[in-house]
Each structure stands twice: as structure tokens, then as C-alpha cells.
Amino acid sequence: MLTPFVADALFAITAAIYLIASSVFLVHLLGKTGLSDRAVQFAARAIGIGAVFHAGHIVVASLVLHVCPVEGMHFAMSVVSMLACIAYAFARLRYKVDLIGAFVGPFALTFLVGSRAVAERSEFSPRFTGAILPIHIATLMLGYALFTLAFGAAVLYLVQERRLKNKQLGSVGQRLPPLDALDKAELRFLLFGFPFLTIGILAGTVFARSAEVGSDVSRLPALFRAILGYLTWLIFALVLLLRVVAGWRGRRAAYGIIAGFVVAMTVMAIYLLRTPPVISP
Amino acid sequence: MILVVGLSYRTAPVEVRERVATSDMPSVLARLSSRKELRESMFISTCNRVEVFAEASSGDGAADAVAAIAEELSHGSSLDRHEIAQHLYDKADIDAVRHIFRVASSLESMVVGEPQILGQIKNAYEAATTAGSVGQLLSRSIERSFQVAKRVRSETALGVGLVSVSSVAVDLARNVFGDLKQAVVLLVGAGEMGEAAAKSLGRDARELRITNRNPQRAIDLARATSATAVPFEALEDELVRADIVVVSTASETYVINPDLVKRAMKRRKGRMLLFVDIAVPRNVDPRVHKIDNVYVFDIDDLESQVKEAMAARHGEVSRAEKIVEEEVDLFQKWLLGRNVTPAVIALRERAREVFLTELERSLNGRLRHLTESDRAALTQMVESAVKKHLHLPTARLRESAVQGKASDLAASLRYLFDLEELEDRLKQSGAMPAASAEVSTEVDVAPVDNEGDGRIH
């Protein structure tokens, strides 16, 4: 029953749902007149439903391939985007920031499809010993998922802020979520994501010390990666600290989150670009 | 003949309107129904409009009917007939229909496109239906007006983006704060404009606070709006506390300057602050807008928004008016066609009667040998011959009805074929359909009910 065909079918359904949701959001934002609230709500719900199929795809595919989902970069990318969608589905119930879906949808679609392309190229499959490495990867994935949402909120914040500062009070802004909601959503996503990032980075540090990994040449990207990892943590920590202590809200916080997210994505890109076979982290 | 008699914000000041308006529909309807000058009546009363829609008992009794309505309107108010008469307008026939359509479509509203009026007419119609004061002609026009309003709403953007300076201010505040439930609104200066904006912002807000250089004015206004009055000297503290600040003082210089706001923002820990400056000259230094997380919108920003929205709606008004005119034309055709409908039906009935009687006679005499199916075929043939034969005269009659020239023709027909008595007979036997029903001919000029169900929506 669990054939590659089932995995492919789930993949296709997920991709189709994400594509539809993304299109609705983009048409809503970029079109001459916005779509109705119902259309936006439909797209937002679709992302949640897509995440369910996405989860199905990941489970079936990993059973077919006999790969633990958190093991390879292939699934890691896919899992991060799925977690982002699930987090979004829950967050939108509380924070009324459906439009972050305009970011989450395309993001999930890219990562879902991208993970397939990557999977076809690299075939690394590290063998873990102990719990440290799975903890490292799983927590980081959760953290990344939440930062993705924070990043989406930050981008929307900057667009809305620019619009108000430039007094371009046309109809596009009416479709964007209110500044305050976006600012609050950023903080929440960051606050939830930060502990995971912290644990993930600690676990990674412990693992790197205990493991004898790679040759001297392959150590270089690993080192670079580790530095960027710490930098990510530092940026997010600063964003949170300055917000509480110095009232760095709004624009500055949004820039901080975007910077942190870009660094975090760079770490991920380095993972993707490394030459197999290299053992994680 | 349909009539509209009433007064509105265009013809009567609020002092007059509030004395004529009443929520006691049943008693007004009962009084209207008791007037022999009126065959049908309906009463609508809103804060901007008090009107009676009616049908006069006879074609030439319009003037009497108008007088009767005026009398009933003054009866319910504390105004005498002459006082009220100078504010009343009356419209008859197709102008009355046009008026009803325009009112229902919100083209006559003070705020064009506002949606409440349709609901108010529906309620008035329901009350009149319950009271049994509306008949077939008014029902037809009112129900049609609902369809017209529906068309206007779905085919134009008339009701989209209703705007005033206050509503733009509320929209802007929503862009920043979302719903305003948690927001604290501070009104600086108790001018009239500021009061209006602060009121519409304060309606949804958690708290409305008012400060003014002259404290007594702040206290008075606060009392009237269930707000809190605060001393003007505490402005900086208030800026720390508020989220939305409406500024509207008579000051010739800036009341809010960047240093003041910067100090407040420090204490606010960067929480967003929105200034709505509706004073002329401006009261908020424009440099305040450059401070992080602070937004300043002055009267020009708000008014340009209002203008933009109004300009966008201007085209909508003429589109809506076009729709109304289309519908008025259709309705007029129906009204006119309606006068000849009984004659047409009677004429057809007369012809059928003659032919079928002859056929019957033959079938019982010389054609007795025919089978059942032959008989049926012959009857069928006669029926369709009648229809075809009368098609052209019917069509011509309806055409001339549309051009308003049918009454002579109809009278001639009635005389030539002795239809008068037959019409009465048909009416009594119920064979004559209610005049709202159309006789089916290929030239059907009656308005077609687009929605098909004819119900109130």
C-alpha cells in the first residue's frame, strides 16, 4: 500500500493546494482590487489543509525510502515548510494575520518542490548515535518554521509601514493586516521560536564536540555554518532584548528579524550546497 | 395612479422631520386606510425621510389624495396643515415610481449609497402588508424597487467605501491598530470637527479622553460623550497613555512638536502612536511623522482620501441612475400595458366563446361521427386560430399602450365587441388574472421579473 505512487500522489496534492492558496493570496495583494474576505479565508484554510497532506506525504515517503524524516536535508526542508504551515494554521486563529499566508504559501511550495530536486541529487544518510543529533535537527526545524512566519510578518509590516509613512493611502493597504497585529505576531513567533533555536544550537555544539567529523577541508564550511548559527541566535536575542529594554519595535524589530532570517537561511543553504557524503551537523 | 407625498432632509429641517416622524406604523396605516381617497397606502418614517406611498382611488382624484395624505401627516404631528405643507413634496405616476426606485437604491439618501434605507423600506412594506393597506399596484412597485436596489448594489460600487473625514480617520486607525477595542483615544481641543472624529473613533475604542486649554469646555464635552476630561498641562502624560490622538485646537502654532513626542515615545517603549490632525492651520508639526512608529495624518491627507473615494463613486452614481431609469421605463411599459390587459383578455375570450360555441354545435350535429381524437384536434385548431388571428391586434394595442395612445383603441374595442360586460363577468369569475399577470403574447411589454421569484429580498 505504501508505494512510491502514494507518496507522489500526496506530494502532488500538497503542491496543488499550496499553489492554489499562493495564487489566491498573490492575486489578492497585487490585483487592482482585492478579493473578498471569503476568498482570503479560503486560501488561509487551504494552507492548513495542505499541511495535513504534506505531513502525509512526509510520513509515507520516509517509510517508502526508509529514511527518518529528520535525517536528511531532503526532508528537513520539506518538514520546515510543513511546520511553518501548521504553525500558521494555528496562529491565524488567534492573531488575525491571514495575509502572512501570502508568504507562507509560496515558501511552502518552494521548499516542498525544492526538497524533491535536492533529494534527487544528494544521497547522504548519516547514521546517528544517541539523541543529540535528532534533537539538534528537530528543534532547529521548529525554530526555523516559526522564524519563517516572523519573517513573513516582518516583510508585511515594512510594506504597510512604508505605505503609511509615504501616505499612499490607496486600496492596497486596506488589504494588509494592521501594523499593530503584524508587530505583535512578529514578537510571538520570535518568542516561540527562540527557545527552539537555543536548544538546537546547544545540541549542535555538544554534538560537534563529541563527533569526529570529516576531513580538514570539509571542516571549513562546518565551521562557517556554526559561526552563522551563533550569529542567528545573537541577532534574534538582540531583537528581543532591545524590544523589551529600549522599545525597539516596529521597523527596527522588523529589520532585525529579516536579518536574522537571512542568516538562518544561509546556514540552511550551506547544508544544501555541501558536497556529500559528509556527516552532519 | 401611484403617488408619493412626504418630506425629507432636502425639504425640511430636522426640527420639522422629528415632529412628523413616528414609529407607530399601525395607527398611521389605519388612518390612511380609512381615507376613501386612497385605495392603497404605505408609510415610511426614518430620521431623514417621512413619506407616504399611495394609490389614489380614482384616476382624477390625485389632488384629493394628496390633500388627504397631507392631512394625515399633519394629524400625527404637532404641526398644522399649513406649516407642514411648505415642506411637503408630491410626485405622481411614473415620477412617483422613479422616486420610490431612487429612494430604495439609496440615490436619494443623505449619504448616497448607505444601505440602511432598503431595510427601512422593507420594514415599512412589511408593516403595510400586515395592516393590509397595500394592494396590487403598490406591491408591484415596492417589490420592483427591491429588485432595482439589488441591481444597483450588485452592478455598481455605489455602497463601497462610504466616506467622510471621520470614517477615513477610523480606516487609518484600523490600518495601524486593527480593531480599536484596546485603543485609547485622546482628543486635544474640543472643536466641532474634532468632536465628530473623536466620537467615531471613540465609539469602538476602550476609552475616550478629552483635553482642552479651557478645561470647562473639556469637562462639558466629556460629560456629553461619556469620556474623561484631563488637564491640558498633563498633555505629555496623556500622549504616553493614548494610542490615537485627534488634534483640533484653534491654535495658530503647532501644539504637538517633535521633542514632546520623542519624550513620550521613549516612555511608551516604542508603542505606536497615531495623530489625526484636523485643525486648520495644522496643530501637529509635520516632522513628528518622521519619528519611528509615529504616524501623523492631517486634514489634507484625510480629505484627499475622501475626494478620491468620492470621485470613484461619482461614476457609480450615474451608473446607478441609468439602472433606475431602465427600470422606470420597464415599469412604465407595464403600467401602461396594464390598462389594456383586461380588454385584450376579454377580446380573446369573446372570440373563443364564439368559435367554440359554433364548433360545439357542429360536433353535436353534422360532425357527430368524429372520433374523440379528431374532436380534440379540431378544438386545438380553433384555439390556435383564435390566438393567431388576434395576435396582430393585441400587439398593436400593446404598442400603442406603450406610446400612451391606447385608451381610445381600448374603448373602441370594448364598444365594438361589447366587452364591458364580459370583462366584469371575467373579473367576478376570477378568470381575469390579476392585472399584475401578463397576457402572453409575443410582444410582451411587461417588465420581466429578473429574479423570477418576485419575493422580497
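Numbers restart at 1 for each chain; the letters A, B, ... are given by sequence-line order, proteins then strands.
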B:Asp277 side chain vs B:Val284 backbone, donor-acceptor pair below 3.5 Å: yes
Top of B:Asp301, B:Asp292, B:Asp243 for chain A proximity - count of heavy-atom pairs under 4.5 angstrom: B:Asp292
Under 3.5 Å: donor-acceptor pair, side chain of B:Asn293, backbone of B:Gly270: yes
Region of B:Lys266 in contact with chain A, defined by heavy-atom distances below 4.5 Å: neither
Non-neighbouring partners of A:Asp183 that pass salt bridge (Lys or Arg N to Asp or Glu O under 4.0 Å), sequence neighbours left out: A:Arg243, A:Arg249
Interchain contact, B:Ile291 with chain A, by part (heavy-atom threshold 4.5 Å): backbone
Aromatic plane relationship, B:Tyr295 with B:His289 - under 30° parallel, 30 to 60° tilted, over 60° perpendicular: perpendicular
Interchain contact, B:Asp179 with chain A, by part (heavy-atom threshold 4.5 Å): side chain
